[in-house]
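A short worksheet on the structure shown next.
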Amino acid sequence: MELTLATPRSPALLSSPQALRLCQKELPQAEWIGLRFHTENTHTRSVRNEVCEENSVVLSSGVMVEVLFQGHFGYAGTCDTTESGLRTAAARAMALAQVAASHQIHHFTVEQRPKSVGYYRSPVFQGLDDQTVKGFVDLLLAASKALKVSEQIVSAQALVRLVEADIHFVSSNGSDVRQQFLTVTTHFQATAQDGSESQYRSDKGNLARNLQTGFEAFDQDDILARCEQAGREALLLLKAPNCPNEKMDLLLTPDQMLIQIHESIGHPLELDRILGDERNYAGWSFVKPEDFGRLQYGSPLMNVTFDPTVPGEIASYNFDEGGAPATREFLIKEGKLQRGLGGLESQDRLPSVPGVANFRSALWNRAPIDRMANINLEPGTSSLQKMIEQTQRGILMQANTSWSIDDYRNKFQFGCEHGQLIEDGRLTTVVKNPNYRGVTVPFWTRLQAVGGADEVEIYGSPFCGKGEPNQIIRVGHASPPCLFRQVEVFGGGT
Amino acid sequence: MISFSQLEKYFEQLSDFAFSQLQRGEHLGLNLAGEEQDYVRFSQAKVRQNTSVTQLDVEMIFQSKGRKTSSTTSLLGHEKEDQARLAALLERARQEVEVLPPDPYLVPMMNHGSSRSQHHGRLLSAGDAVKDIAQTAAGSDFAGLYAGGPMIRANKNSLGQSHWFSTESFFVDYSLFAVNSNQENKAVKGVYSDSQWSTAELAKHLQNSKNQLALLQKPTVTVKPGSYRTFFAPGAMAEISSMMSWGALSFSAMKRGTCALTKLYNGEVRLSEKFTFKENFRTGLSPRFNALGEVAPDELTLIKNGKLENMLVSSRSARQYGATANGAGEGEAPRSPEIATGTLAEAHALRELGTGLSLSHLHYLNWSDISAARITGMTRYACFWVENGEIVGPIKDLRFDDSLFRIFGSELIDLTSESVVDPAVSTYDARALGGKKLPGALLGSLTFTL
């Protein structure tokens, strides 16, 4: 029998109910106890220039003990999931909660941890047991070969990251939620070099293709065709002129819309940022609590949802880690700000602002905080072709390569892999180093056209960083192509 | 869980077990990483969240038949169970090398010797730290993170190599906020980091920050986009120098077309003679050994007086591209960077700046054009408009977009004669080790775009 990608599993040392009973016995003074068992297996396989560079697996497992004491939640995470490990973690969680309770920023109650019972599983047809190591590595070798369309391609990288996550949450008020995920991230990139100049083109941007899926998503013929196209486009970019510096209409494809949505809608709407929790790290927000229901965030074509219900999008789930049921909600409707990205704790601190089920953690060793999940721009009625035809002087930009925004989420600058000028309603010259800059609300006000439902593409990032201690989390962003009028566009060079 | 004070012995036993399972022609390297940390997050000088974390992981690098696999697992700290986990992963690795293609650039495992470095600290209990910080910061709008406890990195391999690095330390990484006369939020940044806790030192740090905050309460000066004479405080230099970790000094990145300093390597540009950048492990902030157990030299000059002297070369890159390895890890990023000081006394920095911008920190840097070493980012925290050597007032945050070739080249007037250690405060996955040693820098001009 051939070796599959599945890795050995360690047996659970204690069942979740047993562990909960143990903690309840240890901590009679706790007003509430929650246990989050989290196992996450991350497989990374990478081939560069037809040589295997990485074959790694990281098996992380542990439990987060969470206690409520005098209105304050204390946390202790441990990789020691034996009885003695749980006892020690429970004692640490309680000891620090007892001290911190008298310095708490807000008095919480068990209402922020409602009883929830349920299950979620990623829509997977072919799992790791169904895929052989050899077959999978052979696919990456073939992809790397397809990327290298010329000797000028100095790096032809094919990388896949598979994450199996199993999160089981039980609590003293009867919660019992199990959610099992398989996420697939692919990255195929060709880098062309000529002297000191280099350009790269990838399959939709750096690690942008992220889905909850199984191996049914790997269509070898399609992957190889995409790789060859990336290789050829890298060569074209190497010879292309720099993007011009001028104000012009900007047409963004979904693989760039993902970062535009993420940085200038997702993060500023996080309620913990608005409350100030994040000020010492990623920053605050230009959005104020009184803006909800009032602020015209963008043009009336702008409709944005928090949607953890999209099958296959990377941050879909049924419950957040506070136990709140996850539902689709409009954050922005016809350009007007409706709702913030905050879980039950933030909603209790900001009762005037409606929130969502987005209290999430990176792993068993981190406490949940307000995070994005899937933040999607809803489709409109235009199309890519129509938007090109209606543009006299503009540029089509594809695939994010650079991103930067200020700590209040106002002034941004983004760069893309591939630019192509639009002149008199037609795509013309390919340009390299296309960048643009703007300010969040004025930029979204310039949204002039939104592609239709048949042009929506789903992307995301496995690496959204935030929080103290820092956490990396998976976020999804779906969007059709969008047209913005009169944006400051520029190219590279010193 | 085994006590962290007994972890060295435990790792030895676990390694002995794993090595005893090897068959002829197989080699094994083990990298241990562990921490027992208390993390306390503050906002408005109150506790927002507190998390204690005990984590112990071991990476197992297995080599056989010219192939390599890497498997990392959480450990329980209980011998029988951990041995079972390693045995299962070892068996899995053994099966996997049978189906992987040969690795032409495999770095065969070697015994690179042994080292032992242990740094004891005098830390408060997390509870006492919470009380101390909350009481000292009371009355101010204090936001930040306390992290404290032991951290461990160790390496052993089946050829007898053995390295141990443990340290006990803490940091309080914080911001103090105030509203200025324009009703704008203004903030200063501070870090108190050490291995010996002192309430008086914490109070001193906070008082210094409060003094700076008073300057930020002046009316805001609106500065239009353009080019301005600029002084980077060490905090801003820390952000700029972090771009050197994004492949800029990596030999393999240069070969793969993703290195920002390729033009420097090719001799097409030269940086200022005043600019010297090196790896300096004498600071003791991070272990000298890498994941293969190779020990980096105490010092390695990368850029000397504006000229590229060395790039960071891992053993794998050395085999692949025919270069000489110099103790770099596989990522080929600086692990203990230092920028050499200059002749500008920090006390005279504003006087020498004259009229322009004084920037304490920068935020969210990224490349605008990697081949041109061009970067963009934002100003953050205590950033002032200065006229004739005097602070006029804080600015509204500005976006800059300029090239490292100008910042550390044609526009670099001088570096300060003093430098400070900027301790690592990153806590992704686990608390980071290390830090950077940096001076401030005075530039003739920097381009601001938004």
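Quick note: numbers below take in every heavy atom, side chains included, and nothing from hydrogens, waters or symmetry partners. Naming convention: chains lettered A, B, ... in sequence-line order (proteins, then strands); numbering from 1 in each chain.
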Q | Where B:T427 and A:R366 come nearest, the two heavy atoms and their spacing | A | O-NH2, 2.6 Å

Q) At their closest point, which heavy atom of B:R380 faces which heavy atom of A:N280, and how far apart are they? A) NH2-C, 4.2 Å

Return yes if a side-chain donor-acceptor contact under 3.5 Å exists between [X] and [Y], otherwise no.
X	Y	answer
A:S404	B:N366	no
A:R279	B:S43	yes
B:Q55	A:T78	no
B:Y364	A:E263	yes

Q) Is it true that B:R316 and A:E54 make a salt bridge, defined as a side-chain N closer than 4.0 Å to a carboxylate O? A) no

Q | Selection from B:Y174, B:F177, B:W367, B:F142 maximising heavy-atom pairs under 4.5 Å formed with chain A | A |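 Counting heavy-atom pairs under 4.5 Å, the top option is B:F177.
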
Is [X] in contact with chain A via its backbone, its side chain, both, or neither, using a 4.5 Å heavy-atom distance?
X	result
B:E91	neither
B:A147	neither
B:A138	neither
B:R256	both
B:L100	side chain

Q: For B:D103, look at atom CG and say whether over 12 heavy atoms of other residues, nucleotides or ligands are found less than 6.0 Å away.
A: yes

Q: Take B:H78 and A:D80 through the test side chain to side chain donor-acceptor pair (under 3.5 Å) and record every step on the way to the result.
A: CA-CA 8 Å; B:H78 297 266; A:D80 181 359; 3.0 Å; yes

Pairs of heavy atoms under 4.5 Å with chain B: top-ranked of [options]:
options	answer
A:K432, A:E66, A:E488, A:E345	A:E345
A:D138, A:N433, A:D406	A:D406
A:A101, A:G415, A:A282	A:A282
A:S198, A:A76, A:S196	A:S196

**Q.** NZ or CZ of B:R41 within 45° of A:Y281 ring axis and under 6.0 Å
**A.** no

Q: Using the side chain to side chain donor-acceptor pair (under 3.5 Å) rule, pick out the option among B:R48, B:Q44, B:Q49 that qualifies with A:D277.
A: B:R48

Q. Quick one: which of B:D57, B:T72, B:T73 gives a side chain to side chain contact (heavy atoms under 4.5 Å, CB included) with A:V58?
A.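 Exactly one option meets the side chain to side chain contact (heavy atoms under 4.5 Å, CB included) with A:V58, and it is B:T72.
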
